[in-house]
Novice: 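This is the structure I have questions about; it appears just below.
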Amino acid sequence: MNSPLTRLATPADLPQVLALLDHYYTEWDIWQRDTEATVREALQHPPLGYILVEVDSQPAGCVLLKPLPAMPGVVGKPVECKRLFVSPDFRGRRLADTLMDAAEAAARTAGYAWMYLDTKPEFAAAIALYHRRGYQPVERYNDNPQATIFLRLALT
């Protein structure tokens, strides 16, 4: 296995991103799903959007960075991390860490001060990953009906 490659997805990557998301939604019974149009839109706005990780030129996982509106009491621009997913065939290789490294670096480079994310208890491995990376609990910041855990990380 060659070293994994992370890169910002482009509009040409739409089929690969949609395939990864379809696996994610199905495996984890996700209700709020991005449409093809919203995924296409996210691919149009670098430096945010979907980040892919590839292993031997095969898409192995993705994560989405999207801006959040200004929040009362939060100094600095917030960004949200969504849809962290590693395909089952590629798990156990620390690719979620690789994706989070790339997402946090992209957000810092773009001038964001805070990375927010939401999750649910079923994502135990992801929750452990987030805590190891220094994410701290915060109050609910969105209306995701499946999310019960809300975390953020200072990027500056």
Side-chain angles (χ1 to χ4, degrees), residues 1 4-46 48-69 71 74 78-107 112 114-153 155:
M1 176 181 92
L5 168 72
T6 57
R7 64 180 179 82
L8 190 62
T10 69
D13 296 309
L14 180 64
Q16 293 88 343
V17 173
L18 290 173
L20 287 165
L21 291 175
D22 185 55
H23 289 292
Y24 168 72
Y25 298 144
T26 302
E27 180 177 351
W28 295 103
D29 189 31
I30 302 299
W31 304 338
Q32 282 189 338
R33 299 176 178 200
D34 298 321
T35 65
E36 183 175 329
T38 59
V39 174
R40 183 179 290 112
E41 175 67 19
L43 297 174
Q44 303 290 330
H45 300 286
L48 303 184
Y50 283 91
I51 297 171
L52 289 175
V53 63
E54 297 173 334
V55 175
D56 297 329
S57 300
Q58 296 294 316
C62 64
V63 67
L64 170 64
L65 284 178
K66 62 185 232 179
L68 284 172
M71 295 184 197
V74 175
V79 67
E80 187 174 28
C81 173
K82 300 287 290 180
R83 311 291 187 234
L84 176 65
F85 178 72
V86 174
S87 182
D89 293 342
F90 295 96
R91 291 185 185 153
R93 301 179 190 188
R94 302 189 55 88
L95 296 180
D97 266 307
T98 300
L99 282 165
M100 291 303 293
D101 288 345
E104 291 166 9
Y112 288 90
W114 297 96
M115 175 93 76
Y116 282 76
L117 57 86
D118 65 24
T119 190
K120 57 184 185 171
E122 292 86 347
F123 291 133
I127 294 166
L129 167 78
Y130 301 141
H131 287 300
R132 278 195 317 273
R133 297 182 72 85
Y135 285 77
Q136 299 294 314
V138 293
E139 294 295 316
R140 175 181 284 276
Y141 66 90
N142 66 27
D143 61 358
N144 181 348
Q146 287 185 281
T148 58
I149 298 168
F150 301 86
L151 302 169
R152 77 174 182 177
L153 177 73
L155 295 171

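Below, all heavy atoms of this structure are taken into account, side chains as well, without hydrogens, waters or symmetry copies.
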Novice: Is it true that the side chains of Arg152 and Tyr116 contain a donor and an acceptor less than 3.5 Å apart?
Specialist: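 Yes, a side-chain donor-acceptor pair sits under 3.5 Å.
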
Novice: Return yes if some donor-acceptor pair links the side-chain N/O of Asp56 with the main-chain N/O of Gln58 below 3.5 Å, else return no.
Specialist: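 Judged by distance alone, no pair lies under 3.5 Å.
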
Novice: Rounded to the nearest 0.5 Å, what separates atom OG1 in Thr38 from atom CG in Leu21?
Specialist: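 Atom-to-atom, Thr38:OG1 and Leu21:CG are 8.5 Å apart.
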
Novice: Between Leu65 and Met115, is there a side-chain heavy-atom distance shorter than 4.5 Å?
Specialist: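 Yes. Closest side-chain heavy atoms under 4.5 Å.
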
Novice: Mind checking side chain to side chain donor-acceptor pair (under 3.5 Å) for His131 and listing every partner two or more places apart, or none if nothing turns up?
Specialist: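 Scan of His131 (side chain to side chain donor-acceptor pair (under 3.5 Å), adjacent residues dropped) gives none.
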
Novice: Could you tell me whether the side chain of Leu48 reaches within less than 4.5 Å of the side chain of Pro67, counting heavy atoms only?
Specialist: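 Contact flag for Pro67/Leu48 side chains = yes.
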
Novice: Do Asp22 and Arg33 sit within salt-bridge range, that is, some charged N less than 4.0 Å from a carboxylate O?
Specialist: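 Looking at Asp22 and Arg33, the cut-off is not met.
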
Novice: With a 4.5 Å heavy-atom cut-off, do Trp114 and Leu153 have their side chains touching?
Specialist: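 Result no, sub-4.5 Å side-chain heavy-atom pair not found.
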
Novice: Going by side chain to side chain donor-acceptor pair (under 3.5 Å), name the residues that satisfy it together with Tyr50, two or more places apart in sequence or in a different chain.
Specialist: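 Applying side chain to side chain donor-acceptor pair (under 3.5 Å) to Tyr50 gives Asp34.
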
Novice: Considering residues at least two apart in sequence or located in another chain, which fulfil the side chain to side chain donor-acceptor pair (under 3.5 Å) criterion with Gln16?
Specialist: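 Partners of Gln16 under the side chain to side chain donor-acceptor pair (under 3.5 Å) test: none.
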
Novice: Does either side chain, that of Thr98 or that of Asp101, offer a donor lying less than 3.5 Å from an acceptor on the other one?
Specialist: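 No, no side-chain donor-acceptor pair sits under 3.5 Å.
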
Novice: State, to 0.1 Å, how close Arg83 and Gln32 come at their nearest heavy-atom pair, and which atoms those are.
Specialist: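 Where Arg83 meets Gln32 most closely, the heavy atoms are NH2-O, 2.8 Å.
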
Novice: If you apply the rule salt bridge (charged side-chain N to carboxylate O under 4.0 Å, His left out), what do you find for Arg140 with Asp118, and how did you get there?
Specialist: CA-CA 8 Å; Arg140 175 181 284 276; Asp118 65 24; over 6 Å; no

Novice: Is the count of non-hydrogen atoms from other residues, nucleotides or ligands lying under 6.0 Å from Glu139 atom CD greater than 12?
Specialist: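 Incorrect, the count does not exceed 12.
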
Novice: Of Val86, Asp89, Leu95, which is the lone residue that meets side chain to side chain contact (heavy atoms under 4.5 Å, CB included) with Val55?
Specialist: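 The single option meeting the side chain to side chain contact (heavy atoms under 4.5 Å, CB included) with Val55 is Leu95.
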
Novice: Would you indicate whether the side-chain heavy atoms of Glu54 and Thr6 approach each other to under 4.5 Å?
Specialist: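 In short, these two side chains do not touch, never coming nearer than 4.5 Å.
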
Novice: Mark yes when over 12 heavy atoms from residues, nucleotides or ligands other than Lys66 sit less than 6.0 Å from its NZ; otherwise mark no.
Specialist: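 For Lys66, atom NZ is not crowded (no more than 12 foreign heavy atoms under 6.0 Å).
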
Novice: Can you classify the ring geometry of Tyr141 versus Phe150 as parallel (below 30°), tilted (30 to 60°) or perpendicular (above 60°)?
Specialist: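 Aromatic pair Tyr141/Phe150 classed perpendicular.
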
Novice: For residues Thr148 and Pro121, determine if any side-chain heavy atom of one lies less than 4.5 Å from a side-chain heavy atom of the other.
Specialist: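 A side-chain contact exists here, since the closest heavy-atom pair is under 4.5 Å.
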
Novice: Could you tell me the separation between the CG atom of Leu43 and the OG1 atom of Thr10, rounded to the nearest 0.5 Å?
Specialist: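 Here the rounded value is 7.0 Å.
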
Novice: Can you tell me how far the CD1 atom of Ile51 sits from the CG atom of Leu84, to the nearest 0.5 Å?
Specialist: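 Reported to 0.5 Å precision, the distance equals 10.5 Å.
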
